[in-house]
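One structure below.
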Amino acid sequence: MELASIHFYPVKSTAGHDVHEADVQPWGLAGDRRYLVTDGQGGMLTAREHPRLLACVAQLDGDILTLTGPHAPPLRVTPTSTMTTVDVWRTPVELTDCGDDAARWLSDLIGRPARLAWLDDPARRPVNPEYGLPGDRVSLADGYPLLLTTTASLGRLNDWIAETAAERGEEVPEPLPMHRFRPSVVIDGAERPFAEDEWKRLRIGAVAFRVTKGCDRCVLTTIDTATYTKGKEPIRTLSRHRKWDGKVWFGINLIPDAPGTITVGDSVTIL
């Protein structure tokens, strides 16, 4: 098996982009999901409710964040010294506000008041202790430092989606792209679809990871990133083939054992 691709999301719930190499830190890929869109009142805004966030492409050049979108010129973001507390999945987290220019840019993009906040200290937010160890930390990802998916599992899922459509007399859709699932790393060459369900530890290149749990999937996976509209897939088909504990599952969550660097093409070993 090998590392097929690395996906990077500087601002949570915005469009990601691929990178060839990434530094792995205890809380995730360096720079990944360190920024978050908020409502300015202590609440978090995501593409689940505001799909137009997916039209924002965030690029990091060193410590400089640039936002690009279809509605306004690109904006370079400069965090302020103002701290704000934001509820990140029911956990209060202290973040740094990124100023009025970023607020206007994002508000105009999604059509409602919004602000941008930065996690200046990525060691501030703990991982769910039910699945992590004392001292485990995560940036602003949903729950864990990295999310892994495999090309074999996506291929099987797309086959199931085509079968579901054919059985219902619907037009068979184009295969879903992997970016619908917003992984950090994608693995090619798994021995079979969903083999990752059984993995406990693995090594990518020289970096070892613990598997915490499978990833339960939400409505964000149903949003077409070209039209920003919601459909039925893949939740409809995952509910048929990959549902247990009242949730649907695709991918696995990882916590690194130690920092290191991963590169596309790295070998992947199950430990």
Side-chain angles (χ1 to χ4, degrees), residues 6-19 22-128 135-147 182 184 220 225 228 259:
I6 305 170
H7 304 270
F8 187 61
Y9 312 86
V11 180
K12 181 180 178 65
S13 223
T14 61
H17 58 91
D18 295 357
V19 295
D23 290 332
V24 178
Q25 298 176 335
W27 41 82
L29 302 181
D32 186 64
R33 293 178 175 96
R34 291 283 295 279
Y35 291 82
L36 174 70
V37 182
T38 81
D39 61 7
Q41 306 296 321
M44 178 175 66
L45 301 182
T46 75
R48 294 166 176 83
E49 299 81 26
H50 304 284
R52 285 276 294 175
L53 282 173
L54 296 173
C56 171
V57 177
Q59 295 275 356
L60 268 181
D61 182 8
D63 292 331
I64 303 299
L65 176 72
T66 301
L67 305 180
T68 302
H71 67 301
L75 178 72
R76 293 183 67 176
V77 174
T78 303
T80 69
S81 58
T82 302
M83 300 299 292
T84 182
T85 300
V86 179
D87 184 22
V88 182
W89 301 125
R90 297 176 296 279
T91 300
V93 181
E94 286 289 313
L95 305 176
T96 301
D97 184 76
C98 291
D100 292 340
D101 288 345
R104 280 190 292 270
W105 196 95
L106 287 164
S107 299
D108 290 345
L109 174 67
I110 66 175
R112 62 147 294 162
R115 300 193 70 84
L116 186 66
W118 174 52
L119 179 62
D120 56 297
D121 179 2
R124 186 173 290 148
R125 182 178 172 226
V127 164
N128 183 344
D136 283 341
R137 294 294 184 264
V138 59
S139 59
L140 295 171
D142 277 358
Y144 302 93
L146 280 83
L147 170 65
R182 303 179 68 79
S184 308
L220 185 56
T225 55
Y228 315 118

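Just so we're clear, the structure is a prediction, and the values are computed from it rather than from any experiment. The basis for the numbers below is simple: all heavy atoms, side chains too, and nothing from hydrogens, waters or symmetry mates.
Val57 has its side chain within reach of Gln59: a pair of non-hydrogen atoms, C-beta onward, lies under 4.5 Å apart. Using a 4.5 Å heavy-atom threshold, the side chains of Thr46 and Leu220 count as separate.
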>> If you apply the rule side-chain contact (heavy atoms from CB on, under 4.5 Å), what do you find for Asp23 with Leu29, and how did you get there?
In response: CA-CA 6 Å; Asp23 290 332; Leu29 302 181; over 6 Å; no
>> Walk me through whether Thr85 and Val93 qualify under side-chain contact (heavy atoms from CB on, under 4.5 Å).
In response: CA-CA 5 Å; Thr85 300; Val93 181; over 6 Å; no
> What do the steps show when you test Leu95 against Leu36 for side-chain contact (heavy atoms from CB on, under 4.5 Å), and what is the final call?
Replying inline: CA-CA 9 Å; Leu95 305 176; Leu36 174 70; 3.8 Å; yes
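Applying the side-chain hydrogen bond (donor to acceptor under 3.5 Å, both in side chains) test to His7 and every residue at least two apart in sequence or in another chain returns Ser5, Asp18. For Pro70, the side-chain contact (heavy atoms from CB on, under 4.5 Å) criterion is met by Arg52, Ala55, Leu109, not counting sequence neighbours. Not counting sequence neighbours, the partners of Arg76 by the side-chain contact (heavy atoms from CB on, under 4.5 Å) test are Ile64, Thr66. In this view, Pro26 and Pro259 satisfy the side-chain contact (heavy atoms from CB on, under 4.5 Å) rule, not counting sequence neighbours.
The CG atom of Asp136 lies 10.0 Å from the OH atom of Tyr144; values are rounded to the nearest 0.5 Å. Distance check: Trp118 CH2 to Met83 CE gives 9.0 Å after rounding to the nearest 0.5 Å. With values rounded to the nearest 0.5 angstrom, Tyr228 atom OH is found 13.5 Å from Ile110 atom CD1.
Contact record, Leu67 with Cys56: CD2-SG, 4.0 Å, taken as the closest heavy-atom pair. Considering all non-hydrogen atoms of both residues, Leu146 and Gly28 come closest at CD1-CA, 3.9 Å. Nearest approach of Pro10 to Leu60, heavy atoms of both residues: CB-CG, 4.1 Å. Scanning all heavy atoms of the two residues, the minimum distance from Tyr35 to Pro79 falls at OH-CG, 4.1 Å. Annotation for Leu45 and Thr38: closest pair CD1-O, 3.4 Å, computed over non-hydrogen atoms. Shown here for Leu54 and Ala47, the closest heavy-atom pair between the two residues is CG-CB, 3.8 Å.
Under the 3.5 Å distance criterion, the side-chain polar atoms of His71 are left unmatched by any main-chain donor or acceptor of Leu106. Between the side chain of Ser184 and the main chain of Leu147, a donor-acceptor pair closer than 3.5 Å is present. Formation of a donor-acceptor pair under 3.5 Å by the Trp105 side chain with backbone atoms of Thr68 is not found in this model. A distance-only check finds a donor-acceptor pair linking the side chain of Ser107 to the backbone of Ala114 [under 3.5 Å].
Screening residues 104-127 for salt bridge (charged side-chain N to carboxylate O under 4.0 Å, His left out), with sequence neighbours left out, gives Asp97-Arg115, Asp100-Arg115, Asp101-Arg104, Asp120-Arg124. The salt bridge (charged side-chain N to carboxylate O under 4.0 Å, His left out) pairs that include a residue from residues 30-51 are Arg48-Asp142, where partners are two or more places apart or lie in different chains.
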